[in-house]
Asks: 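Sharing a structure below in structure tokens format, with a few things to ask.
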Amino acid sequence: MIEELSKQYNPGETEEKWYKIWEQNNLFAAKASPGKEAYCIVIPPPNVTGILHMGHALNNTIQDILIRYKRMRGFNSLWMPGTDHAGIATQNVVERSLAKEGLKRQDLGREKFISKVWDWKERNGATIITQLKKLGAACDWSRTRFTMDQAYSESVAEAFVRLFNKKLIYQGFYIINWCPRCQTALSDEEATHVEMKGSLYYLKYPLKDTPHEFICVATTRPETMLGDTAVAVNPNDKRYREHIGKTLILPLVNRQIKIIADNLVDMQFGTGAVKVTPAHDLNDYRLGRKHGLEFINIMSPDGTMNSSAGKFSGLDRFKAREAVLGELKAAALLEKIQEHKLSVGHCYRCHTIVEPYLSKQWFVKMKPLAKPAIAAVKKNKIKFYPQRWTKVYLNWMENIQDWCISRQIWWGHRIPVYYCRNCQSQNPAKGIIVSKTRPEKCPKCSSTDIIQEEDVLDTWFSSWLWPFATFYWPKENADLKYFYPTSTLVTAPEIIFFWVARMIMAGLEFKKKIPFKDVYIHGTVRDIEGKKMSKSLGNVIDPLEVIAEYGSDALRFSLISITAQGQDVYLSKERFEQGRNFANKIWNASRFILMNLEAENSNVDLCAYLKKGRLDIVNRWILSRFYSTLRKTEEDLDAYRFNEAANNLYSFFWHEFCDWYLELIKPQIGQKTTQIVMYNVLEKYLKLVHPFMPFISEEIWKRLPGTKDSILQQAWVRTQADLINREDEKQMQELFDIINCIRNMRAEMEVSVNSHVEIRLTFADKYMEKTVQPLFEHIKNLAKVDKLSISESYLPQANEFACVLKNMHIVMPLSGIVNVAEQIKKNQAKIDKIKSEIKNKEAMLANRNFLARAPKDVVDAEKNKLTYMHEQAIKLEEIKNGLR
RNA sequence: GGGCGAUUAGCUCAGUUGGUUAGAGCGUCUGACUUACAUUCAGAAGGCCAGGGGUUCAACUCCUCUAUCGCCCACCA
């Protein structure tokens, strides 16, 4: 069996094999079991249209680490998976494929179109789930939810009705962000502002009574002038004071519009006079309401000009801009064009420039919802990691605007509002029925002529219920009771407003409890130049390719090890080599151990064995280091310092366990105690590394003699504080220093490995001599020394070279030195450096404040150091003399 | 306009509450086929910790200002 292990680890087959077994055996499933503490994470549901990208890989690796770690630590750990119907995004995908057939969704009609989308979902919706499985995600797939599922949709309707009944939902005409391509309203968050180079156009509007006089206004969207119903100036502006109240003739349209005064107008900007288009600009809308202006909508939902735009009707908004400018120019009414930077809203789904557009929409009143959500965070009931996001959250919440939740698309939860046509025919404001299910007849007039609201809800109106709707809220049930509130939410910063903040509000509103205790915000994955990874930039590193090439464990480990808490990640493909190499290192170390392990020495309980006898220092040391690593790993994971934990596990295994321990024990590998310790460290280490590298840890775990159950069901390693021994660690450090020093001397002097070397050691104190002496064999082995002796006098002979170590002197024959002059020079540099350091240290130790205020151990350490430096300086001088 | 983050080795980044000699990976250079691993092993070179000022016995770490880059927010016509 041992011979079967290859020299190189092959992740491909192994990973596929284990995931299948885990899944088949339901190892990820969690059941509500009161009495046992729950640990629950709800996945940020990826869009059904989603394809695994590095952001997902990072996000889900972090969650998987937490889930596996907490399960091993004894929690009843549940990772709730699912996908999001992603209204606009999904509809766009299906519309695009329809377009290939030359069809529009309107050609099919609502019902047929929706069933097409469902078809698409059935065919492609599981892609992202399959990909998450490749990553190793330990989700309880039996619970997989979809935001459009029947039960989930009922939760959505319930939430709507409750808010409506509390008068927290209202309908009204407001300026919203309109995407002319998707032809729907968007929330403020869905319009992403991008800084762009544009122009500021100065238009001249003639005064009615004195047509040779003009008021000049500046605008970035000249086509909107067709909908102007006033020009506003600041009442304190001397330039225009006399014109206030006068009438202008709006060019091209010949509408008479008034000059109004309002403090909102900034005198510094443009000409100080601003055209007012109440139906196409938020500020203008407010001015319009305030001053009772007319609202003229000049645009159709598709972004072309409508009949109110007169002869421009039918033109696309940007074509209309050119046409308007052309005509104004011809009429000499275009004074000038200035370059101007401005930030323009874009649809977050299709990147089309959005229009501020006046339309009838549904809104959620947010201030009352925000209040308890602010308090929960302020009172630390919910904590953000890193903490700085708290401020971002609070700032947004304290300035929250009402949420436009209606969308003019078809794919989504249709708003549970019904209209009785009979009632409406008498009074349009009446006849609104809000109900979770379609009413059979109007409760007022009993008419059955009832139609449902056409609009659907914003996708986020369903996502914000995710932490409890996934447990079939509002139905009270054991799972909901047991797993809610969930424990940790792991997500990206760009989603704080869309989702995190709203979930907190929804949780407090509907469940009267916070939805989660901790929010871990990780960084954005960027390419090596710091750009966001995106398909259009072509800078995407595909995680699936990385998995195929390096393995999932490698992807996970590398990703985690470079992700400092909340920092953005700059990624290049080479980074994954580190993870692959590490997996291979674990593989080979295990191979080595298994090759040498006697079956009887596996599965020996370490604690019981230790009671019987004392170990040698090397074995004591590795146990001490292991348990220190365990402690550090726990501290780091509990504080969400994943990279620290990963790097610490890496350097323990590679640089302590492999580089030192395994090398040191090679000569004694047959010994029972050594075998037991080496087996135990490996076995326990596999558990520590399992949350990070689930596949390879399982593969090796299952190859350990006598292990049957999966590693992911194992209990975490128990702390053994008594096995952490600083004194042993210190002593071993002395040994490493000596070996390093000798290796160093050989390398510097270019002494071939094969040549015989004799080393004399001189110790400053007898105690140290005593502790190092038993380690002589190790020094000989690892530093390739033939003869090792202790001498009283450290003074190097004429043919010797010496090196100074703390409290120690290492002397070796000079014969191998190639360039003595070079050595003397180096030596002198060292002496100079030490002397200047001594000066500083002496000054510090002479400082009364330091002695009075610094902790005792710091003072002692400094004193020791000074003594040591003095000795070293003297010795170096002597060596220098010896070299001559 | 407001807020946040970054600035540490050639590159990409760590550095948790101030306290021994500021670390890692990659890259470079030197040496090694040492029977677990060349996806390896042993070593070396390389840092006024962005800059100024301050607090402190002690600053990469805390405060302040400046510069450069990046992100987010805002009703900049």
Side-chain angles (χ1 to χ4, degrees), chain A residues 5 7-9 175 193 200 217-221 224 232 264-266 268-271 273-277 281-286 340-343 356 386 388-389 391-392 395-396 399 401 493-494 496-497 523-524 526 528 530 532 550 554 558 561-572 574-575 577-578 580-596 635-636 639 641 643-644 647 650-651 658-659 662-663 666 740 743-744 746-748 750 752-754 782-784 837 843-855 857-859 861-862 864-865:
Chain A
L5 297 192
K7 275 193 170 189
Q8 271 185 24
Y9 173 60
I175 293 271
H193 289 264
L200 194 56
V217 295
T219 179
T220 53
R221 293 184 296 149
T224 62
L264 283 178
V265 179
D266 178 1
Q268 311 301 320
F269 191 90
T271 60
V274 53
K275 60 191 269 316
V276 184
T277 324
D281 184 277
L282 185 59
N283 270 328
D284 294 4
Y285 171 80
R286 286 173 187 163
H340 185 64
K341 259 194 212 164
L342 71 165
S343 83
R388 66 186 141 90
W389 294 108
K391 227 173 148 181
V392 175
N395 186 48
W396 186 75
N399 297 295
Q401 302 294 314
E494 55 265 31
I496 293 176
F497 305 144
T524 307
R526 297 169 185 284
I528 207 73
K532 255 188 200 175
Y550 300 97
S558 289
S561 76
I562 56 174
T563 309
Q565 195 177 57
Q567 271 325 110
D568 285 355
V569 188
Y570 295 76
L571 208 58
S572 70
E574 292 76 56
R575 308 238 39 160
E577 284 175 17
Q578 189 195 355
R580 177 200 57 183
N581 295 355
F582 185 43
N584 194 51
K585 190 73 179 175
I586 296 176
W587 178 253
N588 275 296
S590 307
R591 199 159 70 98
F592 173 72
I593 289 169
L594 290 173
M595 268 179 191
N596 289 289
E635 283 169 5
D636 286 336
R641 290 188 298 254
N643 65 322
E644 286 282 319
N647 289 327
Y650 176 92
S651 78
C658 292
D659 287 353
L662 290 184
E663 293 305 325
K666 272 180 181 171
N740 283 338
R743 281 173 174 168
N744 201 325
R746 296 182 71 117
E748 262 184 50
E750 296 172 31
S752 142
V753 175
N754 297 320
L782 296 198
K784 309 247 158 126
E837 277 173 16
M844 183 179 173
L845 281 165
N847 188 312
R848 260 187 238 155
N849 284 327
F850 172 71
L851 294 171
R853 288 194 210 159
D857 53 325
V858 172
V859 177
E862 293 297 333
N864 284 340
K865 207 183 146 198

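On a predicted model such as this, the values are computed, not experimentally measured, just so you know. In what follows, chains are A, B, ... by sequence order, proteins preceding strands, each numbered from 1.
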Asks: Between B:rG43, B:rA77, B:rG19, which one does the side chain of A:Arg743 approach most closely?
Replies: B:rG43
Asks: With the side chain of A:Lys7 defined as its heavy atoms from C-beta on, choose the nearest nucleotide among B:rU39, B:rC37, B:rC57.
Replies: B:rC37
Asks: What is the distance from atom CZ of A:Arg591 to atom CD1 of A:Ile586, rounded to the nearest 0.5 Å?
Replies: 14.5 Å
Asks: So A:Arg848, base contact, sugar-phosphate only, or nothing? Heavy-atom distance under 4.0 Å.
Replies: nothing
Asks: Which part of the nucleic acid does A:Thr277 contact within heavy-atom distance under 4.0 Å: base, sugar-phosphate only, or nothing?
Replies: nothing
Asks: A:Asn740 has an atom CG; how far is it from atom P of B:rC41, in whole Å?
Replies: 14 Å
Asks: In whole Å, what is the span from the CD atom of A:Glu574 to the P atom of B:rU39?
Replies: 16 Å
Asks: Using the P atom on both, measure B:rU66 against B:rA9 and round to a whole Å.
Replies: 25 Å
Asks: So, OP1 or OP2 of B:rC41: does either fall under 4.0 Å of a side-chain N or O from A:Lys585?
Replies: yes
Asks: Pairs counted only when both distances fall under 3.5 Å, Watson-Crick or G-U: show me the 5' to 3' dot-bracket for RNA chain B, [ ] for pseudoknotted crossings and | for other-strand partners.
Replies: (((((((..((((.....[...)))).(((((.......))))).....(((((..]....))))))))))))....
Asks: Between B:rG1 and B:rG53, how far apart are the two P atoms, rounded to whole Å?
Replies: 28 Å
Asks: B:rG43 and B:rA50: how far apart are their P atoms, nearest whole angstrom?
Replies: 30 Å
Asks: With a 4.0 Å cut-off on heavy atoms, is A:Asp266 in touch with a base, just the backbone sugar-phosphate, or nothing at all?
Replies: base
Asks: Taking the nucleotide of RNA chain B with the nearest heavy atom to each, does A:Tyr9 or A:Lys666 sit closer to the 5' end?
Replies: A:Lys666
Asks: Pick the P atom in B:rC26 and in B:rA67, then give their distance to the nearest Å.
Replies: 39 Å
Asks: Can you tell me whether the side chain of A:Glu663 and the base of B:rA36 have a donor-acceptor pair closer than 3.5 Å?
Replies: yes
Asks: Do you know the tightest heavy-atom contact between A:Asn643 and A:Thr563?
Replies: CB-O, 3.3 Å
Asks: Students often get this wrong, so: under 4.0 angstrom with heavy atoms, is A:Asn647 touching a base, only sugar-phosphate, or nothing?
Replies: nothing
Asks: The side chain of A:Ala854 is closest to which nucleotide in this list: B:rA77, B:rC57, B:rC37?
Replies: B:rC57
Asks: For A:Tyr650 and B:rC13, give me the distance from atom OH to atom C1', rounded to whole Å.
Replies: 14 Å
Asks: Taking only the P atom of each, what is the distance from B:rA44 to B:rU17 in whole angstrom?
Replies: 31 Å
Asks: Find the distance A:Arg575:CZ to B:rU12:C1' and express it as a whole number of Å.
Replies: 5 Å
Asks: On RNA chain B, does the nearest nucleotide to A:Gln578 precede the nearest nucleotide to A:Pro855 from the 5' side, or the other way round? Give the residue.
Replies: A:Pro855
Asks: Could you state the CG-P distance from A:Leu342 to B:rA74, rounded to the nearest angstrom?
Replies: 15 Å
Asks: Think A:Lys666 forms a cation-pi with A:Phe592, using NZ or CZ under 6.0 Å from the six-ring centre and within 45 degrees of its axis?
Replies: yes
Asks: Could you measure between the two C1' atoms, the one in B:rG46 and the one in B:rU30, and give it in whole Å?
Replies: 15 Å
Asks: Consider the side chain of A:Met595, meaning its heavy atoms from C-beta on, and name the nucleotide among B:rA36, B:rG25, B:rC37 that approaches it most closely.
Replies: B:rA36
Asks: Students often get this wrong, so: under 4.0 angstrom with heavy atoms, is A:Asp659 touching a base, only sugar-phosphate, or nothing?
Replies: sugar-phosphate
Asks: When rounded to the nearest 0.5 angstrom, what is the spacing between CD in A:Glu862 and CG in A:Leu851?
Replies: 10.5 Å
Asks: Please tabulate the protein-to-nucleotide N/O contacts below 3.5 Å involving nucleotides 15-17 of chain B, giving atom names and distances.
Replies:
unit_1: B:rU16; atom_1: O2; unit_2: A:Arg641; atom_2: NE; d: 2.5
unit_1: B:rU16; atom_1: O2; unit_2: A:Arg641; atom_2: NH1; d: 2.8
unit_1: B:rU16; atom_1: O2; unit_2: A:Arg641; atom_2: NH2; d: 3.0

Asks: State which of B:rA36, B:rA77, B:rU34 makes the closest approach to the side chain of A:Cys658.
Replies: B:rA36
Asks: With rounding to the closest Å, how many angstrom separate the P atoms on B:rU7 and B:rC63?
Replies: 15 Å
Asks: Expressed as a whole number of angstroms, how long is the span from A:Asn584:CG to B:rU39:P?
Replies: 9 Å
Asks: Taking atom P in both B:rG31 and B:rG70, compute the distance separating them and give it to the nearest angstrom.
Replies: 44 Å
Asks: Find out whether A:Asn647 and A:Ser561 are in side-chain contact, i.e. whether some heavy atom of one side chain is under 4.5 Å from a heavy atom of the other.
Replies: yes
Asks: Heavy atoms from C-beta onward define the side chain here; which of B:rG19, B:rC57, B:rU40 lies closest to that of A:Asn581?
Replies: B:rU40
Asks: Looking at A:Thr524 and A:Glu494, what are the two nearest heavy atoms and their distance?
Replies: OG1-OE1, 3.7 Å
Asks: Which letters describe nucleotides 3-10 of chain B, given B = protein heavy atom under 4.0 Å from base, S = only from sugar-phosphate, - = neither?
Replies: SSSS----
Asks: Do the rings of A:Trp396 and A:Phe497 sit parallel, tilted or perpendicular, given the 30° and 60° boundaries?
Replies: parallel
